[in-house]
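By convention in this document, chain letters (A, B, ...) are assigned in the order of the sequence lines, proteins followed by strands, and residues within each chain are numbered from 1.
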Amino acid sequence: MPLRVYSTLTRSKEEFRTVEPGKVKMYLCGPTVYKPAHIGHMVGPVIFDTVKRYLAYSGYQVTWVVNITDVDDKLIVRAKENNTTVEALAKQMTQDYFDNLATIGVDGVDHFPYATAHIKEMLDMIGRLVEQGYAYPLNGDVYFEVTKDADYGKLSHRSVEQMLAGTRVEANDRKRNPADFALWKASKPGEPAWDSPWGPGRPGWHIECSAMAAKILGPEIDIHGGGLDLMFPHHENELAQSESCSGKPFARYWLHNGLMQASGQAGKVGGQHSRHGDTPPAGDHMVAAQADQEANKLAGSKGAASVKELFAVQQPETIRFFLLSTHYRSPIDFSPENIAATGQSLEGFYRLFETYQRVTGKDFYTLTAPGTREKSTKLDGEPADLFGELRALRDRYLEAMDDDFNTGGAVGVLFEMRKALNSYIAKHKLDAAGAKEPAVVDALTTGMTLLKELSNLLGVFRKPLPKKAGADDAIVDGLMALILELRADARKNKNWPVADKIRDTLKALKIVVEDRPDGVRWNRG
RNA sequence: GGCGCCGUAGCCAAGCGGUAAGGCAGUGGAUUGCAAAUCCACCAUCCCCGGUUCGAUCCCGGGCGGCGCCUCCA
């Protein structure tokens with residue numbers, strides 16, 4: 001099965017064919033760097049990082065660009081609030097963004113172009129649009145004239161007439177059409193400004209993506225990504241500018257990811273109102289509805305924790321897994337409970353890695369797994385039952401990913417693979433004392449290598465989890481060694497009450513003690 | 001008002017024409033001094049009503065319910 005992707009442009013799944021054979025040009029709308037990133041800002045990067053991994057695995061040479069918007073109204077406002085400069089604020093927040101990407105394992109971005117470093121390219125593009133009659137200057141501003149673009153609205157599937165009816169498009173007499181949008185904005189005193197043929201000003205919101213994508217990737221790209229919320233107006237406008245300027249189709253596939261949603265408490269209040277039967281005053285209803293909406297908008301909600309705060313209490317790997325456990329186009333309900341449930345479900349994998357270590361003396365994390373589909377782990381010969389099952393699972397995994405990057409389905413297969421390997425270990429009593437058949441152990445390594453190969457594609461299980469311990473490690477280790485030695489003595493003498501008391505008391509302290517055939521294991525819970 | 005999305009077990013979540021993957025939780029069994037972990041087994045007819053079809057969770061129509069965008073929020 002060839003790779004198929006869903007494009008917003010056609011509202012359907014299409015076979016994936018690149019502009020240039022074997023090469024993929026991918027652009028993702030990046031952040032406006034005016035405040036610390038929250039979880040929602042990680043959704044796109046994690047998804048498209050995974051997309052890139054999968055495309056590379058499938059044999060493509062991928063170039064991925066994510067822009068950094070470092071000039072914008074929000075930046076100007078916030079810099080003023082914080083008594084700093086736009087430059088300083090942008091620099092600080094860009095670093096925050098980079099740190100978070102690294103933490104959550106997004107390392108496939110090839111270029112991070114800055115808007116302020118591409119003013120010239122933007123002005124060139126605006127100039128061409130004006131020359132070609134798609135744009136007009138007006139009192140220092142320059143506007144794109146939507147009616148000049150015959151297929152304007154094709155991405156979000158709306159027409160100019162539709163947009164005018166019943167919308168709140170800002171009334172502006174001076175514009176030729178209310179839907180016309182700014183390519184260039186004349187600056188007010190004190191605002192960041194660049195010289196232009198139309199006077200000092202700064203770029204409009206959409207032009208930077210058009211200009212930078214064209215500069216780095218060329219006028220025709222393969223994949224354009226972004227959050228669903230950006231589809232209109234941002235992507236629609238970006239598309240209009242780019243295609244009007246170049247006369248070529250801008251992006252072959254538009255991929256929009258679903259948004260992160262906070263389960264809103266306010267919504268429940270509103271719902272109860274209506275269920276109780278007494279009609280709340282219209283005003284209250286409006287307030288409840290608004291509060292509800294606010295609660296659902298992570299970006300808008302002031303309480304949304306920064307990702308850094310989140311990483312402090314949740315493993316970044318858990319968050320990444322959480323984001324990939326559902327299809328990228330679906331909205332995800334963010335709640336501490338949901339994240340915790342994901343963390344819980346990952347425990348079994350870490351257990352398996354430990355078991356593997358015990359059985360073979362090898363570290364799962366340092367296994368070298370094949371990086372391409374062509375060279376995928378060999379599963380020929382014996383044991384036919386295990387290898388046969390793994391082959392089937394691999395097929396299902398790749399089938400899921402080939403179907404519009406269905407990471408949710410792929411994650412499910414990973415769980416089944418875990419079960420198959422655990423089952424194999426149990427069947428051959430590999431985790432028990434005694435000599436083991438080398439061939440049987442080698443087969444396990446082959447299976448684990450496949451697991452590594454496939455989990456690499458999701459960007460998970462790449463590195464051991466950081467230890468939970470604090471600075472008192474040496475002391476705790478020493479004390480634990482002593483306590484467990486005393487407990488071992490008690491057990492030897494079949495003094496179960498003492499042994500169990502030690503284990504139970506430690507458990508209350510969040511230290512889990514397990515008696516294994518080959519010795520005792522303890523862990524901070 | 002316009003453009004869309006969604007409704008699968010207690011929760012999360014694949015499947016989208018041939019009688020429902022997986023995970024968490026739960027239940028029974030194996031193992032264990034007892035636990036933990038692990039293994040084995042069990043655990044849903046897919047919001048409702050019509051239609052198309054030999055056959056629908058999956059297609060079409062109509063409801064009901066939830067949600068997003070149209071506001072420089074990723």
Side-chain angles (χ1 to χ4, degrees), chain A residues 8 11 28-32 34 37-45 47 69 72-75 153 156-159 161-170 181-182 204-206 225-234 236-237 256-261 264 267 271 292-293 296-301 322 325-327 329-333 337-338 340-348 351-352 354-355 396 400 403 406-419 422-427 429 431-432 491 494-497 499-500 503-504 507 512-517 521 523:
Chain A
T8 305
R11 301 273 156 100
L28 174 71
C29 287
T32 301
Y34 71 108
H38 64 258
I39 176 72
H41 292 109
M42 295 293 110
V43 177
I47 285 164
T69 301
D72 174 271
D73 288 349
K74 293 194 295 274
L75 261 157
S156 54
H157 295 248
R158 36 186 118 193
S159 65
E161 301 79 62
Q162 274 172 357
M163 279 181 295
L164 298 184
T167 57
R168 284 163 280 180
V169 173
E170 185 193 339
F181 56 90
W205 179 29
H206 320 294
L228 209 50
D229 54 335
L230 293 182
M231 189 173 89
F232 187 90
H234 182 56
E236 190 71 63
N237 292 169
H256 286 104
N257 59 271
L259 305 180
M260 180 70 65
Q261 297 177 353
D292 197 12
Q293 212 171 32
N296 278 324
K297 288 186 178 192
L298 266 187
S301 104
F322 175 68
S325 61
T326 178
H327 187 91
R329 259 185 288 119
S330 310
I332 311 180
D333 237 6
E337 294 74 31
N338 288 347
T342 299
Q344 179 73 21
S345 74
L346 292 182
E347 281 299 318
R351 287 271 186 181
L352 173 60
E354 274 178 40
T355 306
R396 281 176 50 209
D403 183 12
N406 184 353
T407 55
V411 162
V413 175
L414 243 34
F415 278 101
E416 289 184 70
M417 202 165 282
R418 175 178 91 185
K419 184 162 218 153
N422 267 143
S423 191
Y424 179 78
I425 290 167
K427 186 176 153 198
K429 298 190 169 54
D431 199 15
R491 291 186 71 213
K494 297 200 189 299
N495 189 350
W496 309 128
D500 291 348
R503 190 173 62 196
D504 293 345
K507 191 176 181 183
V512 179
V513 176
E514 296 173 18
D515 298 310
R516 306 195 51 86
R521 166 194 188 274
N523 213 287

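Taking A:H256 as the reference, A:H235 meet the ring-ring contact (aromatic ring centres under 6.0 Å, His included) condition, with sequence neighbours excluded. Listed by chain and number, the residues in a side-chain contact (heavy atoms from CB on, under 4.5 Å) with A:A341 amount to none (sequence neighbours excluded).
Counting non-hydrogen atoms under 4.0 angstrom, A:K494 reaches nothing in the nucleic acid.
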Every protein N/O within reach of nucleotides 36-39 of chain B N/O, cut-off under 3.5 Å:
from, atom 1, to, atom 2, distance (Å)
B:rA36, O2', A:E514, OE2, 3.2
B:rC39, O3', A:S423, OG, 3.3

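Here the separation of B:rC11 from B:rG63, taken at their P atoms, is 28 Å to the nearest Å. For the C1' atom pair drawn from B:rG17 and B:rG26, the interatomic distance equals 34 Å after rounding to whole Å. Atom C1' of B:rC49 sits at a distance of 15 Å from the matching atom of B:rA56, rounded to the whole Å. Nucleotides B:rC69 and B:rG50 have their C1' atoms positioned 32 Å apart, rounded to a whole Å.
Taking a pair to require two hydrogen-bonding distances under 3.5 Å in either a Watson-Crick or a G-U wobble arrangement, B:rA44 remains unpaired.
In this structure, A:N406 reaches the B:rG15 phosphate: one of its side-chain N or O atoms is under 4.0 Å from OP1 or OP2.
Classification of A:R351 and A:E514 as a salt-bridged pair holds, one side-chain N sitting under 4.0 Å from a carboxylate O. A salt bridge does not link A:R158 to A:E236: none of the charged side-chain nitrogens sits closer than 4.0 Å to a carboxylate oxygen.
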